Chemist: 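Let me begin by handing over the structure; questions about it come next.
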Amino acid sequence: MTDHSHRTGAPRDTEAEADAEVDTVAGSHAGADAGLRGRWHDTLLAARAGAEGPDPLPYAENLLARWAEPQRRYHSTAHLRAVLDHVDTLAAHADDVQAVRLAAWFHDAVYRPDRSENEERSATLAERALTEAGVPDAVVAEVARLVRLTVTHAPAEGDRNGEVLCDADLAVLAGGPQEYAAYAARVREEYGFVPDDAFREGRAAVLRQLLDLPRLFRTPYGAAEWEERARHNLATELELLTSSAPG
């Protein structure tokens with residue numbers, strides 16, 4: 001981001017090499033989803049709890065530009081929208097659903113498939129941007145904590161906000177056969193720079209790790225509606241990966 005981002009109320013990264021150098025003035029990225037802008041506006045105002053703050057729009061423009069970066073195939077605006085929809089489904093389980101919604105906006109705001117620090121950088125971005133946007137310190141801290149939780153997707157027992165965000169993020173695993181196949185294909189596209197053998201090995205390890213978890217979903221709804229289908233999808237993908245391996 002350029003240094004004038006503070007004047008427009010736009011969040012900035014700390015590492016210039018990973019920045020998209022996107023100016024965030026009102027009216028830019030006009031093709032971005034207007035419904036998402038409205039959802040961001042309502043969530044930010046609710047999180048402020050009546051406190052004054054800068055115009056929400058430049059923050060939405062910045063975040064939508066990030067989610068639309070060209071290296072993204074799965075971690076895209078469509079994923080953001082899906083996670084927000086799943087948070088809405090699980091909203092009654094959360095202790096602070098506005099914090100969870102803000103965490104959904106930021107959880108992959110910084111994303112490079114060849115980097116391992118995406119969640120940490122996304123959390124740092126959230127801390128800086130939301131403080132500037134007038135969100136109370138306690139809510140900012142909770143949002144950052146939730147974003148960092150998506151490294152493991154392992155909320156502690158009783159962490160209701162964490163359970164909602166993690167379940168919403170993993171709900172893609174419970175899609176129908178065509179939806180899941182499309183998800184897996186987009187993940188492969190994001191890692192197009194990885195040779196086939198290395199990708200199969202790495203992806204299989206991820207799938208086994210997920211299948212070894214005692215439960216994928218922590219909310220009552222997720223456990224009832226998504227767990228069985230997600231496990232079936234993961235096992236099917238793992239079988240396909242291992243059966244297609246050479247030799």
Side-chain angles (χ1 to χ4, degrees), residues 1-25 29 32 36 39-41 43-49 51 53-72 74-77 79-80 83-84 87 94 96-156 159 161-162 164-166 168-170 190:
M1 301 300 303
T2 51
D3 284 339
H4 69 261
S5 58
H6 276 296
R7 294 201 302 272
T8 62
R12 297 183 297 159
D13 276 350
T14 56
E15 295 184 30
E17 66 174 354
D19 286 338
E21 294 297 331
V22 180
D23 288 335
T24 55
V25 295
H29 308 288
L36 283 174
R39 291 168 83 165
W40 166 263
H41 176 275
T43 298
L44 184 61
L45 292 190
R48 284 178 184 165
D55 182 1
L57 179 60
Y59 294 91
E61 299 294 353
N62 178 277
L63 288 164
L64 289 171
R66 290 173 180 277
W67 284 94
E69 290 165 342
Q71 79 276 9
R72 298 169 183 260
Y74 168 63
H75 294 88
S76 64
T77 307
H79 173 59
L80 169 63
V83 173
L84 289 169
V87 170
D96 184 349
V97 72
Q98 304 303 345
V100 179
R101 289 183 175 120
L102 288 174
W105 274 92
F106 279 96
H107 81 285
D108 284 319
V110 178
Y111 182 75
R112 295 292 187 275
D114 58 341
R115 302 292 183 88
S116 61
E117 72 278 9
N118 291 316
E119 291 86 359
E120 179 58 36
R121 293 188 62 218
S122 295
T124 299
L125 179 68
E127 288 170 331
R128 192 165 52 252
L130 293 174
T131 298
E132 182 184 306
V135 176
D137 291 346
V139 178
V140 173
E142 176 65 355
V143 171
R145 183 190 73 82
L146 291 169
V147 171
R148 292 184 173 104
L149 187 59
T150 61
V151 174
T152 62
H153 291 94
D159 179 4
N161 289 340
V164 169
L165 180 63
C166 290
D169 197 24
L170 293 180
E190 282 192 342

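Nothing here was measured: the structure is a model prediction, and the numbers come from that model.
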Chemist: For a quick test of reading the model, state the closest non-hydrogen atom pair linking L84 to R101 and the distance between them.
Modeler: CD2-O, 3.9 Å
Chemist: For H79 and D169, run side chain to side chain contact (heavy atoms under 4.5 Å, CB included): C-alpha distance rounded to whole Å, both residues' side-chain angles, the deciding distance at 0.1 Å, then the answer.
Modeler: CA-CA 9 Å; H79 173 59; D169 197 24; 3.1 Å; yes
Chemist: Just wondering, do L57 and H41 contact through their side chains at under 4.5 Å, heavy atoms?
Modeler: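 No; the side chains remain at least 4.5 Å from each other.
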Chemist: Taking atom CG as the centre, does D114 end up with more than 12 heavy-atom neighbours from other residues, nucleotides or ligands that are less than 6.0 angstrom away?
Modeler: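 Result for CG/D114: enclosed.
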Chemist: Is there side-chain contact between T150 and D108, with heavy atoms separated by less than 4.5 Å?
Modeler: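 Of all side-chain heavy-atom pairs linking D108 with T150, none is under 4.5 Å.
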Chemist: Measuring from L125:CG to N62:CG, what's the distance to the nearest 0.5 Å?
Modeler: 7.0 Å
Chemist: So, for T124 and R148, which heavy atoms are closest and what is the spacing to 0.1 Å?
Modeler: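 Nearest pair, atom of T124 first, then R148: OG1-NH2, 4.0 Å.
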Chemist: Would you please name every residue forming a salt bridge (charged side-chain N to carboxylate O under 4.0 Å, His left out) with R48, sequence neighbours left out?
Modeler: none
Chemist: Between R39 and L80, is any pair of side-chain heavy atoms under 4.5 Å apart?
Modeler: no
Chemist: Do Q98 side-chain atoms and L45 backbone N/O form a donor-acceptor pair below 3.5 Å?
Modeler: no
Chemist: Please give me the minimum heavy-atom distance between V147 and A103, naming the atom from each residue.
Modeler: CG2-O, 3.8 Å
Chemist: Of the non-hydrogen atoms in P155 and G162, which two are nearest, and what is the gap between them?
Modeler: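 Taking every non-hydrogen atom into account, CB-C, 3.8 Å.
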Chemist: Got a donor-acceptor contact below 3.5 angstrom from the N118 side chain to the R112 backbone?
Modeler: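 Checked: pair present.
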Chemist: To the nearest 0.5 Å, how far apart are CZ in R66 and OH in Y111?
Modeler: 15.5 Å
Chemist: Is a side-chain donor or acceptor of S76 paired with a backbone partner of R72 at a separation under 3.5 angstrom?
Modeler: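 Judged by distance alone, no pair lies under 3.5 Å.
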Chemist: Is there a side-chain contact between V110 and R115 (heavy atoms, below 4.5 Å)?
Modeler: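 They are not in contact (no side-chain heavy atoms under 4.5 Å apart), so the answer is no.
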Chemist: Compare every heavy atom of G134 with every heavy atom of A51, then report the nearest pair and how far apart it is.
Modeler: CB-O, 4.3 Å
Chemist: Taking C-beta and beyond as the side chain, do V164 and V97 meet within less than 4.5 Å on heavy atoms?
Modeler: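 In short, these two side chains do not touch, never coming nearer than 4.5 Å.
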Chemist: CH2/W40 to CD/E61 distance, rounded to the nearest 0.5 angstrom?
Modeler: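 The CH2 atom of W40 sits 12.0 Å away from the CD atom of E61.
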Chemist: Partners of E119 by salt bridge (charged side-chain N to carboxylate O under 4.0 Å, His left out), sequence neighbours excluded?
Modeler: none
Chemist: State the CG-CG distance between L102 and L165, to the nearest 0.5 angstrom.
Modeler: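 L102 atom CG to L165 atom CG measures 11.0 Å (nearest 0.5 Å).
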Chemist: Once you measure the plane-to-plane angle for W67 and H107, does it fall in the parallel (<30°), tilted (30-60°) or perpendicular (>60°) bin?
Modeler: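 If you compare the ring of W67 with that of H107, the planes turn out tilted.
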Chemist: With a 4.5 Å heavy-atom cut-off, do L130 and Y59 have their side chains touching?
Modeler: no
Chemist: Taking all non-hydrogen atoms of both residues, which atom of A99 and which atom of V143 are closest, and how far apart?
Modeler: O-CG2, 3.5 Å
